[in-house]
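Data block below; observations after.
Numbers restart at 1 for each chain; the letters A, B, ... are given by sequence-line order, proteins then strands.
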Number of protein chains: 2
Amino acid sequence: MLGEKLKELRESNGLVQRQVAAALGVDTAYVSKMENNDKPVSRAKLKSLAKFYHVTEKTLLPYWLAEKVLTVVHNEDCATDALKIVLTEIDKK
Amino acid sequence: MLGEKLKELRESNGLVQRQVAAALGVDTAYVSKMENNDKPVSRAKLKSLAKFYHVTEKTLLPYWLAEKVLTVVHNEDCATDALKIVLTEIDKK
DNA sequence: AGTACATTTGTCCTTTTAAGGACAAGAACA
DNA sequence: TGTTCTTGTCCTTAAAAGGACAAATGTACT
């Protein structure tokens, strides 16, 4: 979800993981894991990535949040119910 | 959300927090916080509570999960977008 | 087949943050 | 006043984040 986006962005900019890694100050393994949703992406890194790929952070944010939500509901069979409850709760306010 | 449910259940069973606290082996402050969503409710405690209130864990689970999701998206203005992304992602599978 | 580069996977370590819970003391209320 | 409920602070333990490194795998080229 977020990882896929990041990979798309990188490739559409004709970049290789090594370059992204350098820009973030981490190694390529780290980048790989972010792109495969194996490591969480911190808000700070999200910002750097957005800048590096020339998109606004705001574009990425929904996917970033979605990823976090997914890890919470992951493997719960009432996930859909729960999400709907949250949705109604949110626009009550 | 979950807290409200727990409080409703307790009151509809004519119980006071002290009794619930005893059943769970914690103090009343803890119970109060759970009912006010100030402390997370562990899965184990959810189970105990369900039994104690004579409802199935399955009834409570969606609210329990929803609460967790809420703490994740809490204060993010793209929360709704994120939730919708997760919903479509889930029933893709 | 062999090398060169890219990506992925797995393990490890350290630091930060969250859970779980006790206690004391302050409100509400009957 | 006594009981219930709430709030705040503190402590300890358990996870999760952040990240390095090595080794494996993939891919493309000649």
Side-chain angles (χ1 to χ4, degrees), chain A residues 1-53 57 60-61 63-76, chain B residues 1-53 57 60-61 63-76:
Chain A
M1 188 168 314
L2 176 62
E4 290 78 350
K5 286 280 163 198
L6 293 177
K7 184 164 194 175
E8 280 170 35
L9 279 169
R10 177 173 57 82
E11 293 179 341
S12 75
N13 279 80
L15 295 165
V16 77
Q17 286 184 352
R18 176 174 37 80
Q19 299 171 278
V20 182
L24 297 186
V26 297
D27 70 358
T28 72
Y30 206 102
V31 175
S32 170
K33 283 171 186 169
M34 291 193 290
E35 290 186 355
N36 288 285
N37 303 312
D38 283 338
K39 278 282 185 186
V41 175
S42 73
R43 189 84 181 240
K45 286 207 171 31
L46 189 72
K47 189 174 204 160
S48 307
L49 286 165
K51 176 168 282 184
F52 195 57
Y53 292 145
E57 197 183 344
L60 257 24
L61 212 51
Y63 298 97
W64 178 81
L65 235 198
E67 197 63 51
K68 295 211 170 302
V69 171
L70 196 61
T71 74
V72 165
V73 303
H74 167 249
N75 272 340
E76 297 284 355
Chain B
M1 188 167 315
L2 176 63
E4 290 78 349
K5 286 280 164 197
L6 292 177
K7 185 165 194 173
E8 280 171 36
L9 279 169
R10 177 172 57 81
E11 293 179 340
S12 74
N13 279 79
L15 295 166
V16 78
Q17 285 183 354
R18 176 174 36 79
Q19 299 172 277
V20 182
L24 297 186
V26 297
D27 69 358
T28 72
Y30 206 104
V31 175
S32 171
K33 283 171 185 171
M34 288 193 290
E35 289 187 357
N36 289 285
N37 303 312
D38 282 339
K39 278 281 186 188
V41 176
S42 72
R43 189 83 182 241
K45 288 210 168 30
L46 189 73
K47 189 174 204 161
S48 307
L49 287 165
K51 177 169 281 181
F52 194 57
Y53 292 145
E57 198 184 344
L60 256 24
L61 212 51
Y63 297 98
W64 178 80
L65 236 199
E67 197 63 50
K68 295 213 170 300
V69 171
L70 196 61
T71 75
V72 166
V73 302
H74 167 250
N75 273 339
E76 297 284 355

Open item on the list: If you count heavy atoms of other groups shown closer than 6.0 angstrom to OH of A/Y53, is the number above 12?
Closed with: yes
TODO: Taking only the side-chain nitrogens and oxygens of A/S32, find out if one of them lies under 4.0 Å from OP1 or OP2 of C/dT7.
DONE: no
Open item on the list: Below the 4.0 Å mark, does C/dA18 have OP1 or OP2 next to a side-chain nitrogen or oxygen of B/K68?
Closed with: no
Task: Contact under 4.0 Å: A/R10 side-chain N or O vs C/dT7 OP1/OP2 - done: yes
Could you pull out all donor-acceptor pairs under 3.5 Å where a side-chain atom in residues 14-25 of chain B meets a protein atom, sequence neighbours excluded?
unit_1	atom_1	unit_2	atom_2	d
B/Q17	NE2	B/E35	OE1	3.1
B/Q19	OE1	B/V16	N	2.9

Task: Side chain A/S32, main chain A/T28, donor-acceptor under 3.5 Å - done: no
Task: Charged N-O contact under 4.0 Å between A/E57 and A/R43 - done: yes
- [ ] Please identify each residue that fulfils side-chain hydrogen bond (donor to acceptor under 3.5 Å, both in side chains) with B/D27, with sequence neighbours left out.
- [x] none
- [ ] Would you please name every residue forming a side-chain contact (heavy atoms from CB on, under 4.5 Å) with B/L65, sequence neighbours left out?
- [x] A/V72, A/V73, A/E76, A/C78, A/A82
Task: Under 4.0 Å protein heavy-atom contact, by nucleotide of nucleotides 25-30 of chain D - B base, S sugar-phosphate only - done: ------
Open item on the list: Looking only at the side chain of A/D38 (C-beta and beyond, no hydrogens), which of the listed nucleotides C/dT7, C/dT9, D/dT4 gets closest?
Closed with: C/dT9
TODO: Do nucleotides 20-30 of chain C as a string where each nucleotide becomes B, S or -: B if the base has a protein heavy atom under 4.0 Å, S if just the sugar-phosphate does, - if no protein is that close.
DONE: BBBBB------
TODO: Using five pairs at either end of the helix from C/dA1-D/dT30 to C/dA30-D/dT1, determine the angle between the two local helix axes and round it to 10 degrees.
DONE: 50°
Task: Under 4.0 angstrom between B/Q17 side-chain N/O and D/dT6 OP1 or OP2 - done: yes
TODO: Spell out, as yes or no, whether a donor-acceptor pair under 3.5 Å connects the side chain of B/W64 to the backbone of B/V41.
DONE: yes
Task: Min side-chain heavy-atom separation B/V31-B/L6 under 4.5 Å - done: no
Task: Shortest non-hydrogen contact from A/K45 toward A/V26 - done: CE-CG1, 3.8 Å
